[in-house]
Amino acid sequence: MITDINPNTELGKLDAIDREILLRAPAIVALFAAISDDGEVSDNERSEAIKLAHLRTYTSPEILHNFYKEVDKVFEAYFSEEADKLPATQEEKAIYLAERLKALNTVLPKLNQVYSKELVISLKSFARHVFKSNSGFLEHFLLPIFLGRIERDFFDPKIGG
């Protein structure tokens, strides 16, 4: 799945196994964030993660643009592959994904220190965004419906009139 990587980039300096570990990391991080609140990956979390992977090709720090361009090519496939491998319970899912992320510990030291630091910051930000995507959905769509019902059912303007 990994195509012509420029050998002059940080990604290009790695062997194929290490590159794949790095390129899978955003999908694994997104899944970890998605399951952390309820153990499930909602359609909204999935679509937000895919959209974010694409947006990062130009909204990430410039040093990571090439990384996210490569991630964008494989993100959806890696996200689906990793989601299909998830165990049944929330705890088992968290353990599985944590183990998958541990592979980064062998790759990050092989990268330029500044690049590695920016990548870690970016992955943490990625996780926060995906985690908030479901609560944002609830806040912006379900909360107004709920409040409308509360107002309609419990604050009837005809009462006392």
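Below, all heavy atoms of this structure are taken into account, side chains as well, without hydrogens, waters or symmetry copies.
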Problem - Residue pair Leu111, Leu14: steps toward the side chain to side chain contact (heavy atoms under 4.5 Å, CB included) verdict - result: CA-CA 8 Å; Leu111 301 171; Leu14 299 172; 3.8 Å; yes

Practice task
Could you pull out all residues at least two apart from Phe67 that satisfy ring pair (Phe, Tyr, Trp, His ring centres under 6.0 Å)?
Solution key: none

Fill in the blank from the handout: Heavy-atom closest pair (Gln90 atom, Ile35 atom, distance to 0.1 Å) is NE2-O, 3.0 Å

Problem - Nearest heavy-atom neighbours spanning Ala49 and Phe126 - result: O-CZ, 3.7 Å

Problem - Results of salt bridge (Lys or Arg N to Asp or Glu O under 4.0 Å) for Glu76 - residues two or more places apart only - result: Arg46

Handout entry: OG-NZ distance between Ser60 and Lys69, expressed to the nearest 0.5 angstrom
Key = 9.0 Å

Practice task
Mind checking the CG-OG1 spacing from Leu64 to Thr59? Nearest 0.5 Å is all I need.
Solution key: 10.0 Å

Practice task
Please indicate whether Asp43 has more than 12 foreign heavy atoms, meaning atoms of other residues, nucleotides or ligands, lying under 6.0 Å from its CG.
Solution key: no

Exercise for the section: Going by the side chain to side chain donor-acceptor pair (under 3.5 Å) test, name the single residue among Glu82, Lys85, Glu91 that passes it with Tyr96. Expected result: Glu82

Problem - Rounded distance (nearest 0.5 Å) linking atom CG of Leu52 with atom OG of Ser125 - result: 7.0 Å

Fill in the blank from the handout: side-chain hydrogen bond (donor to acceptor under 3.5 Å, both in side chains) pairs touching residues 110-121, sequence neighbours excluded, are Asp18-Lys110

Exercise for the section: Please confirm whether the backbone N or O of Ala77 pairs with a side-chain atom of Ser80, one donor and one acceptor, at under 3.5 Å? Expected result: no

Exercise for the section: Give the other cluster members for Leu55, using side-chain heavy-atom distances under 4.5 Å between Ile, Leu, Val, Met, Phe, Trp and Tyr residues; answer none if it is isolated. Expected result: Tyr58

Practice task
Check whether more than 12 heavy atoms from other residues, nucleotides or ligands sit under 6.0 Å from atom NZ of Lys124, and answer yes or no.
Solution key: no

Practice task
Using a 4.5 Å cut-off on heavy atoms from C-beta on, say whether the side chain of Thr106 contacts that of Pro109.
Solution key: no

Practice task
Decide salt bridge (charged side-chain N to carboxylate O under 4.0 Å, His left out) for Glu70 and Arg19; before the verdict, give the C-alpha distance in whole Å, the side-chain angles of both, and the deciding distance to 0.1 Å.
Solution key: CA-CA 10 Å; Glu70 295 302 320; Arg19 268 196 306 267; over 6 Å; no

Practice task
Before giving the answer on side chain to side chain contact (heavy atoms under 4.5 Å, CB included), spell out for Leu123 and Leu104 the whole-Å C-alpha distance, their side-chain angles and the decisive distance to 0.1 Å.
Solution key: CA-CA 11 Å; Leu123 289 173; Leu104 281 174; 4.1 Å; yes

Exercise for the section: Is it possible for you to say whether Leu23 and Ile121 belong to one hydrophobic cluster, with membership spreading through side-chain heavy-atom contacts below 4.5 Å? Expected result: no

Fill in the blank from the handout: Residue set satisfying salt bridge (Lys or Arg N to Asp or Glu O under 4.0 Å) with Glu40, at least two apart, ordered chain then number -> Lys93

Handout entry: Closest non-hydrogen atom pair between Pro26 and Tyr68, with its separation
Key = CG-CE2, 4.5 Å

Exercise for the section: Determine which pairs satisfy salt bridge (Lys or Arg N to Asp or Glu O under 4.0 Å) with at least one residue from residues 47-61, sequence neighbours left out, and list them in order. Expected result: Glu48-Lys51

Exercise for the section: Give the minimum heavy-atom separation between Leu31 and Leu97, together with the two atoms involved. Expected result: C-CD1, 3.8 Å

Exercise for the section: Find out if a path of hydrophobic residues (ILVMFWY) with successive side-chain heavy-atom gaps under 4.5 Å connects Val114 to Leu22. Expected result: yes

Exercise for the section: Determine, using the 4.5 Å side-chain heavy-atom cutoff (strictly less than), whether Ile95 and Leu101 are members of one ILVMFWY cluster. Expected result: no

